[in-house]
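Values below: all heavy atoms of this structure, side chains included; hydrogens, waters and symmetry mates excluded.
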Amino acid sequence: MKAGGLFSPVHGLPALWLIVFLVCVLGFSSASPPHALLLAALGVAGLVVAWRFHQDTLARLWKQFGGVWLVYILVGCGILSAELMARPVGATGFWRLLGPQAGLVTCLPALSVFMTLPRVPLAFATVLCALCLWHFFAVPLEAVSGLRIGWLNYEVVVREFGWLKYQSAGLSSHPYLFAGFYLPAFYLAWGWTRQTWSPSNKWVASRSMAWLPWLWLLPAACLQSRSAFMGALIASSLCTVGVWRQAGLVRQLAHRDDASKAQPIGAFGLANRRFWLIALTLFLLIVALSVWFLTLQNKTGLDLRSAYWQLYWSEAMRWPDVLIGHGFLNDRHHLAVPGLPYIWHSHNDLLEILYSWGAITLMPYLIFAAALVRLLFRAWQWDAVWLPAAALCVLPTMVTDLGFHHYEKAVLFTLLAAWCIAQESAMNTTARTESRIRAR
């Protein structure tokens, strides 16, 4: 085999690293996460492989996105510092309590570099497509019959609503954890397939891909989670709008020399009656379905969450806890609202980070979130609508439930950032090449 062959260190070691990374993603959950030291060692090993065999790519990405990598690693350092300082106030078994997020952040630089390799996004998309196809049938079956098929053996959550008898969790250990990774993973698989698929019938392909995300609402509804269903609705709507937006841009390019056939392009790419009619119809459908789903039986009201938000906010703002946090798994039995059911966390991403890990973690986390939003907006501009769709899918669950504390969501953020970095790097390289060609 030649030096640059598939089984050479240049390709073989990144492939082996990615296999181990996928095992850490799919083989574990928030209920039984991988050890933080294992993930940290994996991140360092990947960085060594990237420096040894893909030094040019690593240097180029460091120059463009090194700030994103550093601030994400600072999030992990904040978690590590907060848990170390929380240990004297009652926590035991530090290495057991240290969450996997502290090690996961080190995987972003290596994952970003490897995602620029030709076959890696295709491999990720293929795995995600297989998982989504499995869940499309397995999740409704579980919701009706309670049958669970997977490698994570946990009890099925019983909750009746019409023909749904159980809350589905698929290959996750809980329905809310399914919403953290597997639910938004569909949009990553859908987007990459749409971007690379070149069938003979373009008309059929564009229409089928435009409405395919709406079929994913069936597994989303089987979770019986209002925030997860709302996120899937928003993401599916954005995907459909993105497909029609691209169709309008393609028509503009086709008729750019014929002013009689050209149509004005608006903020979303196509400002004609059909586009805005579809957008208005989708908006009304979202409102109608949301009103219906928000009135589900056996659901807690907003008063429970708002009461605990106020309680956790008052506790988090005490000095010096506002700076260093309390630790994630410290005893919280004193945090109970009289007259309301006890819940052991704040049910909000930012508030839980402030309470658990303090401002030393919240500040770099907010900076990383702002950088990720910028990358997602750039992805939208490059017509990679599936990346912001995956982020919007998980956003409502971060408002009403844990966010970065869930291992599944931390993995999703890491994968999203790496994929956005690889996507923008590729687009920037293409733009520079076209610019040099035009200059000649």
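- Between Phe178 and His135, the two ring planes are perpendicular [angle over 60°; tilted spans 30° to 60°].
- Side-chain contact between Leu26 and Leu131 is present, with heavy atoms from C-beta onward closer than 4.5 Å.
- Leu13 places none of its side-chain heavy atoms less than 4.5 Å from the side chain of Arg52.
- The CZ atom of Phe124 sits 10.0 Å away from atom CG of Leu188, with the distance rounded to the nearest 0.5 Å.
- Pro364 and Ala359 make their closest contact through CD-O, 4.2 Å (heavy atoms, listed as atom of the first residue, atom of the second, distance).
- The main-chain N or O of Leu223 is found under 3.5 Å from a side-chain atom of Gln167 such that the two form a donor-acceptor pair.
- Put simply, OG1 on Thr193 and CG on Leu122 are 9.0 Å apart, with the number rounded to the nearest 0.5 Å.
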Are Ser227 and Asp401 close enough, and set up right, to give a side chain to side chain contact (heavy atoms under 4.5 Å, CB included), and what steps lead you there? CA-CA 9 Å; Ser227 53; Asp401 201 354; 5.7 Å; no

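- Looking only at side-chain heavy atoms (C-beta outward), Asp349 and Tyr365 come within less than 4.5 Å of each other.
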After noting the C-alpha distance and the side-chain angles of Phe368 and Leu74, does the key distance pass the side chain to side chain contact (heavy atoms under 4.5 Å, CB included) rule? CA-CA 9 Å; Phe368 171 76; Leu74 284 177; over 6 Å; no

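- Checked by atom type and distance alone, the side chain of Asn348 pairs as donor or acceptor with a backbone atom of Val399 at under 3.5 Å.
- Between the side chain of Thr414 and the backbone N or O of Ala410 there is at least one donor-acceptor pair closer than 3.5 Å.
- For the atom pair CG (Leu415) and CG (Leu108), the distance works out to 10.0 Å, reported to the nearest 0.5 Å.
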Phe65/Leu375 under side chain to side chain contact (heavy atoms under 4.5 Å, CB included): CA gap, chis, key distance, verdict: CA-CA 10 Å; Phe65 308 103; Leu375 288 171; 3.8 Å; yes

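- Of the residues listed (Trp380, Trp192, Phe186), the one engaging Trp386 in a side chain to side chain contact (heavy atoms under 4.5 Å, CB included) is Trp192, and it is the only one.
- Side-chain contact check for Leu70 versus Trp62: some heavy-atom pair is nearer than 4.5 Å.
- Here the closest non-hydrogen pair linking Val139 and Cys222 is CG1-CB, 3.6 Å.
- Trp214 and Thr240 form a side-chain donor-acceptor contact under 3.5 Å, judged by distance and modelled atom types alone.
- In this structure, Leu80 and Leu84 have side chains that are in contact, with non-hydrogen atoms separated by less than 4.5 Å.
- The two residues Leu215 and Phe136 have their closest heavy-atom pair at O-CE1, 3.3 Å.
- A distance-only check finds no donor-acceptor pair linking the side chain of Glu424 to the backbone of Arg378 [under 3.5 Å].
- A donor-acceptor contact shorter than 3.5 Å is absent between the side chain of Ser29 and the backbone of Ser172.
- In this structure, CG on Leu412 lies 10.0 Å from CG on Leu183, to the nearest 0.5 angstrom.
- The CG atom of Leu133 sits 6.0 Å away from atom CZ of Phe137, with the distance rounded to the nearest 0.5 Å.
- Atom-to-atom distance recorded for Thr57:OG1 and Phe114:CZ is 10.0 Å, nearest 0.5 angstrom.
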CA sep, side-chain torsions, deciding dist, call: Tyr176, His406, ring-ring contact (aromatic ring centres under 6.0 Å, His included): CA-CA 9 Å; Tyr176 304 131; His406 280 165; 8.1 Å; no

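- Nearest heavy atom pair, residue Gly78 against residue Thr361, reads C-OG1, 2.9 Å.
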Quick one: do Cys420 and Leu376 satisfy side chain to side chain contact (heavy atoms under 4.5 Å, CB included)? Show the steps, please. CA-CA 7 Å; Cys420 285; Leu376 292 170; 3.5 Å; yes

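- Between Tyr187 and Leu392 the shortest side-chain heavy-atom distance does not fall below 4.5 Å.
- Scanning both residues, Cys393 and Pro396, for their nearest heavy atoms gives O-CD, 3.8 Å.
- Glu408 contributes no side-chain N or O that, together with a main-chain N or O of Tyr182, makes up a donor-acceptor pair within less than 3.5 Å.
- Side-chain contact between Pro14 and His54: present, with at least one pair of heavy atoms (C-beta onward) separated by less than 4.5 Å.
- A donor-acceptor pair is defined here as one N or O able to donate and one able to accept, closer than 3.5 Å; no such pair exists between the side chain of Ser32 and the backbone of Phe28.
- Tyr72 places no side-chain N or O within donor-acceptor distance of the main-chain N or O of Pro109, the cut-off being under 3.5 Å.
- At distances below 3.5 Å, at least one donor-acceptor pair connects side-chain atoms of Thr397 with backbone N or O atoms of Val394.
- Judged by distance alone, the side chains of Trp357 and Glu352 never bring a donor and an acceptor atom under 3.5 Å apart.
- Nearest heavy atom pair, residue Ala102 against residue Thr106, reads O-CG2, 4.5 Å.
- Tyr407 meets the side-chain hydrogen bond (donor to acceptor under 3.5 Å, both in side chains) test with no other residue; sequence neighbours excluded.
- For the side chain to side chain contact (heavy atoms under 4.5 Å, CB included) with Trp17, the qualifying choice from Leu111, Leu47, Val48 is Leu111, the only one to do so.
- Neither side chain, Tyr166 nor Ser145, offers a donor N or O lying under 3.5 Å from an acceptor on the other.
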